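Please read these numbers as outputs of a predicted model, since none were measured by experiment.
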Amino acid sequence: MKKSIGVAGLVAMLALCAIAPAARAQCGGQLLMKFDADCFAYESNATLSVLEGGTGAYKSNAGSQLTVVGLMTLFCAPLNGNVPNLPVTEYSFVWSGLSAAAATTEAVYIVNGKKWDTDYTPGNFYIYEDSPADAPRATTPMPANPPNATVPVNFQDGTLILQGTIANLHTIVTRSNNTASAIWGGSFLADYQFTGGTQIGLVAGSGINSLNGNWCGKYPTGCTPTGYTAHPNGKFDYAVTTVKGSTWGAIKQLYR
Amino acid sequence: MKIGSALLLLIVLLAAAIPAAAQDEALLNFTGYDYQTDASPNNIYLALGDSYSAVGFITSFHPTWLEPYVDTGTNEYTFYQHGLVVNSYFFAGNVLSVTFVNGGSVEYYEDPSKDATNPPNPPNCPAYGSNPPNADAPSKFNNGTLAISGSLTDAQLYYDYNNNQGGFSANMNITGGADAIYVPAPSWNGWFMSGLVQPPPGGNPCPAPAGYDHQISGECRHPVVATNHGTWGALKKLYR
């Protein structure tokens with residue numbers, strides 16, 4: 001009997017340890033949510049550029065629908081109760097409804113390099129808590145040619161903890177020159193706003209914030225598994241507008 | 001017979017060493033802030049001779065090469081990117097692009113003192129300080145155990161002022177550090193990318209630190225070199 005109680009107690013302790021919000025050393029600044037290695041983008045109508053030096057990038061055609069799937073790796077306050085714990089619990093997300101506002105523009109970069117810019121129309125994002133984890137990862141690897149049996153399906157199951165809108169998404173990909181030793185760069189920047197989900201109360205009053213990071217479009221590399229067009233690595237920033245306390249007296253004073 | 005066995009063993013070893021298709025994966029992922037240091041007083045961002053640096057935190061690790069050997073509960077994991085001096089400057093169409101002299105480096109540290117994190121965090125904010133270099137940065141981001149060091153070559157940075165976003169990238173070759181032994185030697189030569197955006201004003205609970213130029217988010221990617229596996233039968237067949 002004592003042994004059973006001991007085992008039960010141990011199990012309970014382990015369970016508590018598993019769900020206790022961890023102090024995340026990496027948090028700070030405006031960082032709210034971080035995603036990195038396991039995030040990939042694909043489009044419905046994109047064309048590979050000329051492979052100069054053996055490498056290229058996907059260019060969107062007008063109206064091409066963008067989908068991004070990924071796994072969160074870090075949550076910071078006030079969402080730090082969510083602790084990714086693969087393979088037990090994953091926090092997966094999907095961006096959808098975005099489409100290229102026009103075809104990707106291609107410009108000369110430095111001397112004989114290229115710079116590709118793409119603007120996207122507004123869309124939405126959805127973040128799920130799911131256990132056991134079932135979404136593919138970069139190292140599993142990502143199954144080819146999405147949409148397929150697990151992408152985006154396994155990124156949009158579980159409990160919808162947060163959702164919102166994405167607007168003004170702009171991506172840039174650069175290639176320094178036209179040789180095999182070219183250096184690649186990239187970035188993305190967008191605005192987002194929470195609109196719902198079971199944890200919307202935790203981020204009430206957050207308004208419009210920045211969604212930004214690195215956008216790796218180098219083909220062929222691990223950034224662009226077969227059928228994927230880019231690998232975003234970024235974060236959702238967070239800045240609550242400060243509410244200034246006041247009194248009726250002070251308000252009356254304004255009108256005297 | 002002995003010579004034959006030795007020859008066969010040599011063949012097996014050689015076969016195992018032949019790299020198959022190479023792919024690349026994220027070794028380390030990070031976020032932080034960057035800053036410039038003027039070589040001489042000027043009002044130009046990253047003018048010729050200016051230096052580019054960045055500090056911040058590692059947010060995740062390669063799941064098999066590094067994750068088994070880190071303890072984010074006990075330590076903070078920071079990085080310090082430095083030694084990058086501008087040697088060419090272009091500005092056209094409101095887009096800045098610069099390249100850097102080879103000789104830059106990036107270092108990753110494991111530090112149980114957590115002095116950069118500045119715990120408890122929250123409510124305290126990370127110790128970026130203001131107007132770097134300062135008493136906090138880089139010193140609280142380059143202390144502890146040097147986990148991995150890497151050289152940065154062919155480095156470049158662009159910033160598109162039309163869209164207020166940019167990127168830094170370079171070749172990144174591992175040169176040492178206590179955790180370098182966990183990364184297979186054929187995977188040491190990789191590349192490094194970070195996206196740059198302007199820090200938003202305000203912020204809660206921690207506002208953007210003053211005097212930094214951009215917040216950054218990125219990764220270093222390294223090739224995963226697979227090896228071909230054969231069978232004794234297949235090897236014997238080659239010599240029949």
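- Counting heavy-atom pairs closer than 4.5 Å to chain A, the top-ranked of the candidates B/G166, B/G56, B/A92 is B/G166.
- With a threshold of 4.5 angstrom between heavy atoms, B/A170 approaches chain A through N, CA, C or O but not through any side-chain atom.
- Both the backbone and the side chain of B/N171 have a heavy atom closer than 4.5 Å to some heavy atom of chain A.
- Residues A/S187 and B/G195 come closest through the heavy atom pair CB-CA, 4.1 Å.
- Contact of A/T174 with chain B is made through the side chain alone, with heavy-atom distances under 4.5 Å.
- Between B/P63 and the choices A/T139, A/T140, A/D38, A/L86, the side chain to side chain contact (heavy atoms under 4.5 Å, CB included) rule is met once, by A/T139.
- Taking both residues in full, the closest heavy atoms of A/G222 and B/R221 are given as C-NH2, 3.4 Å, listed atom of the first, atom of the second, then distance.
- In terms of heavy-atom pairs under 4.5 Å with chain A, the best-connected choice from B/D154, B/N164, B/I216 is B/D154.
- In this structure, the side chains of A/N233 and B/S217 come closer than 4.5 Å at one or more pairs of heavy atoms.
- Rounded to the nearest 0.5 Å, atoms SG (A/C223) and CD (B/E219) are 6.0 Å apart.
- Note that the CZ atom of B/F30 and the CG atom of A/N214 stand 7.5 Å from one another [nearest 0.5 Å].
- Of all the listed residues (B/A26, B/G167, B/S60), the one sharing the greatest number of non-hydrogen pairs under 4.5 Å with chain A is B/S60.
- The two residues A/G185 and B/Y158 come nearest to each other via the heavy atoms C-CE2, 4.3 Å.
- Between A/K34 and B/T59, the shortest heavy-atom contact is CE-OG1, 3.5 Å.
- Of the two parts of A/D117, only the side chain, counted from C-beta on, holds a non-hydrogen atom closer than 4.5 Å to a non-hydrogen atom of chain B.
- Rounding to the nearest 0.5 Å gives a distance of 9.5 Å between NZ of A/K218 and OG of B/S169.
- A/D36 touches chain B through backbone and side chain together, each having a heavy atom under 4.5 Å away.
- Summarising the geometry of A/Q30 relative to B/P207, their closest heavy-atom pair is NE2-C, 3.7 Å, with the distance given to 0.1 Å.
- Among the candidates B/Q215, B/Q165, B/Q198, the single residue satisfying the side chain to side chain contact (heavy atoms under 4.5 Å, CB included) test with A/N212 is B/Q215.
- Of the two parts of B/Q156, only the side chain, counted from C-beta on, holds a non-hydrogen atom closer than 4.5 Å to a non-hydrogen atom of chain A.
- When side chains are defined from C-beta on, B/N29 does not count as touching A/T73, because their heavy atoms never get closer than 4.5 Å.
- Between the CZ atom of A/F188 and the CG atom of B/N163 there is a distance of 14.0 Å, given to the nearest 0.5 Å.
- Of the two parts of B/F168, neither the backbone nor the side chain holds a non-hydrogen atom closer than 4.5 Å to a non-hydrogen atom of chain A.
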